[in-house]
Amino acid sequence: MGAGPTAILESLTFKLIAGAVGLGLLYMLWFELRKVPAKLAVLMGAAFIDMLGNLIVFPLLPFYAKRLGGSGITLAIPFWHPHIGIGQISALLVTSFTIAQLVSAPVWGRFSDRFGRRPALLVALGASAMAYIIFGFATSLTLLFLSRIVQGAGGGTVGVIQAYVADATEPENRARSLGWLSASTNLGVALGPVLGSVAIVLGERPVTVGGVSFAVGPAAPGLLAALLCLINMAFAWHFLTEAREVPHPQAAKPRTSRAAVMRVITHTGEPPSRLIWIYAIAMGAFQGTTTVLALFLNDRFGVTEKTIGYFFLYIGIISVVTRLLLLGRFVDWLGEAKLSRVGSTLLAIGLAGIPFARSIPVLAVFVALIPLGTAFTFPCVTALLSRVIGSHERGLYMGVQQTFGGAARAIFPLVTGTVFDTMGKSVPFFISGALVALTIVLGLDLEQRTSAHVARSTEAAG
């Protein structure tokens with residue numbers, strides 16, 4: 001049963017059709033991007049370059065860890081000498097970045113609320129450039145971990161950029177604008193690993209300067225990512241203007257990062273808290289099933305490392321196209337609250353339906369519902385959050401949303417991986433679908449709640 005789908009995916013006809021579809025979509029995307037406002041285009045460019053630099057480095061981490069750590073390390077603890085393998089070290093490198101990012105996201109958001117979005121981005125980009133240089137010239141695992149911690153601390157700016165977009169656009173256009181922003185980061189995800197591989201090859205070639213030949217070697221990807229960060233800083237310095245509203249002198253004092261996090265946990269019925277929980281649960285369910293999707297497809301359809309890329313390319317194309325071509329039109333038609341529920345419904349059906357697919361065409365239908373669902377859900381939820389939070393706390397709460405979403409992205413893959421191994425290969429998809437369906441219930445009365453909360457937030461902001 002597995003040979004049939006694999007043969008189709010590896011056939012020349014399939015590749016030619018996929019190439020033709022890709023070219024057609026690129027033309028449509030170029031046509032649509034001409035409509036993007038100049039101010040938003042600058043933010044999209046900054047987000048794209050930032051993600052590009054991050055993805056140049058990220059796929060190379062296991063190889064650098066192996067080069068510096070060999071087969072692993074043995075800890076010299078009295079009466080106990082545990083050995084940490086290279087796989088565990090690679091996982092810890094990812095985790096250290098995630099933890100630093102989770103901790104820093106609300107801090108960067110609050111910093112941007114107080115001092116402005118533009119300074120926050122410039123400082124964070126400078127930290128990222130330093131991290132990439134440390135990564136490139138790392139001679140030990142300690143320096144490699146240091147680079148990831150510095151990079152994570154400087155990488156908690158997604159919420160800042162989202163707040164920047166919210167400041168720079170009218171409320172009715174925020175979901176559309178946030179969709180365009182996420183489309184630009186998805187393009188960075190697609191191109192970054194390719195540039196990283198190219199940098200590795202170029203780094204091995206000798207360069208002659210003043211009669212002296214030398215090779216940059218393994219430092220090349222880190223230096224390229226650092227260069228992109230510096231270009232991004234110059235780009236942001238020259239083109240970005242502060243869009244944040246100046247708080248009224250009598251405005252309510254912004255909460256601390258810790259207070260905002262605790263507010264989300266203890267006041268789950270409030271619109272900001274409810275929106276953040278919807279975002280985190282849906283994001284975790286999506287990330288968790290993505291982690292085991294390749295294993296499921298290999299078991300069910302015989303998909304291998306040679307063909308799995310087509311599925312993620314398929315998901316990526318639908319995601320980018322939906323955000324650029326469909327999201328704005330559907331927001332105008334249904335509004336953010338209703339469209340977020342539509343998105344959650346599509347995502348829940350897509351996740352729970354994958355185990356029922358017994359052929360590639362049926363699988364393609366369920367898989368297509370996943371990027372459609374995420375494209376309708378996440379930008380709308382973030383846009384609604386920007387409405388119910390005053391400008392004096394917008395960056396803070398955007399950062400808190402990223403903290404909860406990041407925690408979900410870290411926890412859910414561990415859960416789905418364990419369930420996949422112990423309870424059955426279809427169970428993670430059913431559980432994730434049920435959890436996303438729960439977010440639909442959480443969002444049933446968002447229209448009424450957000451309308452009332454917007455008025456109170458406006459008064460509090462002065």
Nearest heavy-atom neighbours spanning [X] and [Y]:
| X | Y | value |
| --- | --- | --- |
| Ala368 | Ile318 | CB-CD1, 3.7 Å |
| Pro428 | Thr416 | CG-O, 3.6 Å |
| Pro379 | Thr374 | CD-O, 3.6 Å |
| Ser319 | Pro371 | N-CB, 3.8 Å |
| Leu396 | Ala260 | CD2-CB, 3.8 Å |
| Val150 | Ala131 | CG1-CB, 3.8 Å |

Margin query: Show, in sequence, the C-alpha distance, side-chain angles and deciding distance for Leu144 and Leu68, and conclude whether the side chain to side chain contact (heavy atoms under 4.5 Å, CB included) test is met.
Written below: CA-CA 9 Å; Leu144 203 59; Leu68 297 173; 4.2 Å; yes
Can you tell if the side chain of [X] reaches within under 4.5 Å of the side chain of [Y], non-hydrogen atoms only?
| X | Y | value |
| --- | --- | --- |
| Ile354 | Leu293 | yes |
| Ile200 | Pro221 | yes |
| Ile281 | Val436 | no |
| Arg394 | Arg117 | yes |

Between [X] and [Y], is there a donor-acceptor pair closer than 3.5 Å when you use the side chain of the first and the backbone of the second?
| X | Y | answer |
| --- | --- | --- |
| Tyr64 | Pro218 | yes |
| Arg300 | Pro355 | yes |
| Ser96 | Leu93 | yes |
| Thr439 | Leu435 | no |
| Arg409 | Gln287 | no |
| Thr377 | Ser344 | yes |

Notebook entry, point to check: Is it true that Phe366 and Phe429 have ring centroids separated by less than 6.0 Å?
Noted result: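 Between Phe366 and Phe429, the centre distance exceeds or equals 6.0 Å.
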Notebook entry, point to check: For Phe296, is the NZ or CZ atom of Lys425 found under 6.0 angstrom from the centre of its six-membered ring and inside 45 degrees of the ring axis?
Noted result: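 Verdict for Phe296: no cation-pi partner in Lys425.
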Item checked: Residues Tyr132, Leu223; criterion side chain to side chain contact (heavy atoms under 4.5 Å, CB included); working and verdict -> CA-CA 7 Å; Tyr132 291 139; Leu223 292 177; over 6 Å; no
Check: Can you list the steps and then say if Met233 with Leu121 is a side chain to side chain contact (heavy atoms under 4.5 Å, CB included)?
Finding: CA-CA 8 Å; Met233 287 181 70; Leu121 286 176; over 6 Å; no
Next item on the list: Look at the aromatic rings of Trp277 and Phe404 and report parallel, tilted or perpendicular, splitting at 30° and 60°.
Entry: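 Aromatic pair Trp277/Phe404 classed perpendicular.
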Item checked: Parallel, tilted or perpendicular: ring planes of Phe378 versus Tyr279, cut at 30 and 60 degrees ->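 Plane angle over 60°, so perpendicular.
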Checklist line | Chi angles and distances behind the ring-ring contact (aromatic ring centres under 6.0 Å, His included) call for Phe356, Phe430 | finding: CA-CA 10 Å; Phe356 295 104; Phe430 295 142; 5.7 Å; yes
Check: Would Arg387 and Glu336 satisfy side chain to side chain contact (heavy atoms under 4.5 Å, CB included), going step by step from the backbone distance to the final call?
Finding: CA-CA 11 Å; Arg387 285 176 180 261; Glu336 287 110 336; 3.5 Å; yes
